[in-house]
There are 2 protein chains.
Amino acid sequence: MLGAVSRRDVRDTPRPAPTPTTEGQRTVADTTAPPPSVSGGSRRPVPPQSRYGNRPTMKDVAARAGVGLKTVSRVVNAESGVTPDTERRVREAIDALGFRRNDSARVLRKGRTASIGLVLEDLADPFYGPLNRAVEEVARAHGALLINGSSAEDPDREQELVLALCARRVDGLIVIPAGDDHRYLEPEMAAGVATVFVDRPAGRIEADVVRSDSFGGARAGVAHLIAHGHRRIGFIGDQPRIHTATERLRGYHAAMADAGLPVAEGWVALGSTAPERVRAAAEAMLEGTADEAVTAVFTGNNRVTVTVVRVLAGREHPVALVGFDDFELADLLHPGVTVVAQDAATLGRTAADLLFSRLDGAGGAPVQVVLETRLVPRGSGEIPPERGRE
Amino acid sequence: MLGAVSRRDVRDTPRPAPTPTTEGQRTVADTTAPPPSVSGGSRRPVPPQSRYGNRPTMKDVAARAGVGLKTVSRVVNAESGVTPDTERRVREAIDALGFRRNDSARVLRKGRTASIGLVLEDLADPFYGPLNRAVEEVARAHGALLINGSSAEDPDREQELVLALCARRVDGLIVIPAGDDHRYLEPEMAAGVATVFVDRPAGRIEADVVRSDSFGGARAGVAHLIAHGHRRIGFIGDQPRIHTATERLRGYHAAMADAGLPVAEGWVALGSTAPERVRAAAEAMLEGTADEAVTAVFTGNNRVTVTVVRVLAGREHPVALVGFDDFELADLLHPGVTVVAQDAATLGRTAADLLFSRLDGAGGAPVQVVLETRLVPRGSGEIPPERGRE
DNA sequence: CCGCACCTGGACAACGTTGTCAGGTGTAGG
DNA sequence: CCTACACCTGACAACGTTGTCCAGGTGCGG
């Protein structure tokens, strides 16, 4: 962790000061509680009805401009039927008071919030960045705001977050499910909250889904390894609770079966993507007797792939690797990492388009959109089996 | 792009179907408009006062439970003064109707939204993932929801987004500024919207800032190259409009001056981080006569670094490189990329802590928190100058 | 058996905005 | 000069919730 922290009154810094000032002096402080600290404290002790800083309302603007309340509303919403002169007076009052419309009140009156919620599993996972961005772009094109949060793979937290968004009356939801039971969403969906699931299908309810072809992608990836002569191939994936994990495992088994290859007991490892676990699993299936040690590994997602790359980097003999999910710089490693790529941005864009089409009234039964994956050979998947080839 | 898309009624898929079904059949469709499509259309044509799906209100719950409105409110808010029996009746009615409190109305009444806004420049930039996540964790610990969006480095869009968040009456804002004039925020801040800037200071207003020591970090990074024998060092950075870009450039100049080294004209390139531009800039300063070609490059942020790594990977002679910002897999490249690391998560956590301390009533002048950077030698910065060493 | 204190439950107003509708002004035509 | 019409403008209610306040009921003691 980067520990040193310095604080100073901003006045001490007379602007970005282009002169090389005494920028070096710092005081060391506890990073875990940098500023005056706060965390534990109780809620702010201000008078219960603080009304923030007494923001001006339309009523205030109307009084100042000497017009009626509704006229201010008309100006603010660019409705027709206001004399230029009146409008000018109103605008002056708005600027003078620093008025900004209270969207909470507006929402309450109008019924729609022009905002959608996005719940994903980890905001810090690079896979979700482009997805997040794509959803935001679509939302923006529709004049909607995006509210998002991450479930940290915790079903309870997912539910908590989703229901909080519903309480905010988002118009629609895009959810990357962490749990496998979404019946709690039924009343919300019945009440008109459009919902699209991404990456994985909803559990125990019927709902729109946009996902990649995990099964086919994994099958193709494993077949690629088989085509390069491998017969003993390991699979390291995410927890079996997660739909994509089991789909990809299914693809692995299908590819092995297609080639008439047996799958030994120690070749499949499902579980958390924590680096320690993945590292242990990889090392276990790379060791063992010559008949059991794998000559190639298929990894179930980008987190797993990165960890396995680290494991392989420390070994003498190269071992073939194909990973599900592309990742930045995969092409610059030695060897480049062969991957089954899914397009996160398209996933997000497609889901958002579908969501807004529902919001615009598109009816019909829930649909399932499945996006093709793409095998990207870069070297690591083309390493032939060195030893143990029978 | 991954083009192939298939759609089918979800009913056709009798569950994750563990049997290897005909998952292969797909129809090719235009990815840019996948579902029934929507985009251009006008707003939904439903009756103006659709009230979504006529969600039940507290009034409905009260009627069904045979109690008063306020009693329902008491139950929902876990206030005291309700008989267990009454509470049970109310809860049954809530479950039966699928009632969920309308937070818009609640916000309107109470004045605080328990939500904060985060505006960053690119949701897809991996640098912001951990920052985003850290802010979310702090917000969650304070019972607040996080609303975020990205400005795409566009000052107008930043302002638009920030003001939209203010209209939603977020309690506080964390902003990574794209623009250099934030006076538009003055009325909002005066009205009580706590605001903390991250990564870069606010423009033309005084406000809290949490940022890394760009100047010192860049100076240390360039000094590292000088210590390894380089005398002709290039600098490729972001647009000069961006504060961190100029600070890092300042650090570069300081380090060069410290060592008494001149800076030739073609050695500094500021501008967009678009790969084409960076690539051109890098190639230009690597070519040229022996006296002018640089033997080392310092890159101003992670986007630039990645592009330069690509350029260097295609060259015969290794060229030394130190980059600002750490990035995943930097250690696994050949050679490992030496970086000046800043801790995005701490940046976010610190900013969020500061924000909530302001919301909890902490007064005082705006503060500036500066986090130390850390030089991480990995190889690329330790390459000695091959040619042209005088 | 009566009275008092306490406690539960409900009526009501208010938050800031927008839709409805009626009133008022100015202008043009008869 | 009066009527009619168009166009602005503003009063009012309602959105769903919470804070205030009061009424009614219960339990206990006198």
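Letters go in sequence order (proteins before strands), and every chain restarts at 1.
In this entry the distance linking CD of Glu79(A) with P of dC7(D) reads 16 Å, nearest Å. Residue Met58(A) contributes atom CE, which lies 8 Å from atom C1' of dT18(C) at whole-angstrom precision. Distance NZ (Lys59(A)) to C1' (dC12(D)): 12 Å, rounded to an integer number of Å. For Arg106(A) and dT18(C), the CZ to C1' distance is 8 Å, given to the nearest whole Å. Rounded to whole angstrom, the span from the CG atom of Leu108(A) across to the C1' atom of dT18(D) amounts to 13 Å. In this structure, Arg112(A) atom CZ and dC15(D) atom C1' are separated by 15 Å, rounded to whole Å. Taking atom CG of Asn102(B) as the reference point, atom P of dG16(C) lies 17 Å away to the nearest angstrom.
If you check the side chains of Ser150(A) and Glu136(B), you find a donor sitting under 3.5 Å from an acceptor. In summary, the side chains of His182(A) and Gln159(A) do not present any donor paired with an acceptor at a separation below 3.5 Å, with no hydrogens or angles considered. For the residue pair Arg101(A)/Asn77(A), the side-chain donor-acceptor check at 3.5 Å is satisfied.
Along DNA chain D, the nucleotide nearest to Ala105(A) and the one nearest to Arg101(B) differ in position, and the one closer to the 5' end is contacted by Ala105(A).
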Q: Check the pair Asp208(A), Arg358(A) against salt bridge (charged side-chain N to carboxylate O under 4.0 Å, His left out), reporting the backbone distance first and the verdict last.
A: CA-CA 10 Å; Asp208(A) 292 326; Arg358(A) 292 294 192 191; 2.7 Å; yes
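A distance of 14.0 Å separates CZ in Arg183(A) from CE in Met189(A), rounded to the nearest 0.5 Å.
For Ser73(A) and dT18(C), the shortest distance from a side-chain N or O to OP1 or OP2 is below 4.0 Å.
Asn77(B) comes within 4.0 angstrom of the backbone, heavy atoms only, and of no base.
Checked for salt-bridge contact, Glu137(B) and Arg349(B) miss the test: no charged N lies under 4.0 Å from a carboxylate O.
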**Q.** Sugar-phosphate or base contact per nucleotide [nucleotides 8-14 of chain C; S, B, -; heavy atom under 4.0 Å]
**A.** SBBB--B
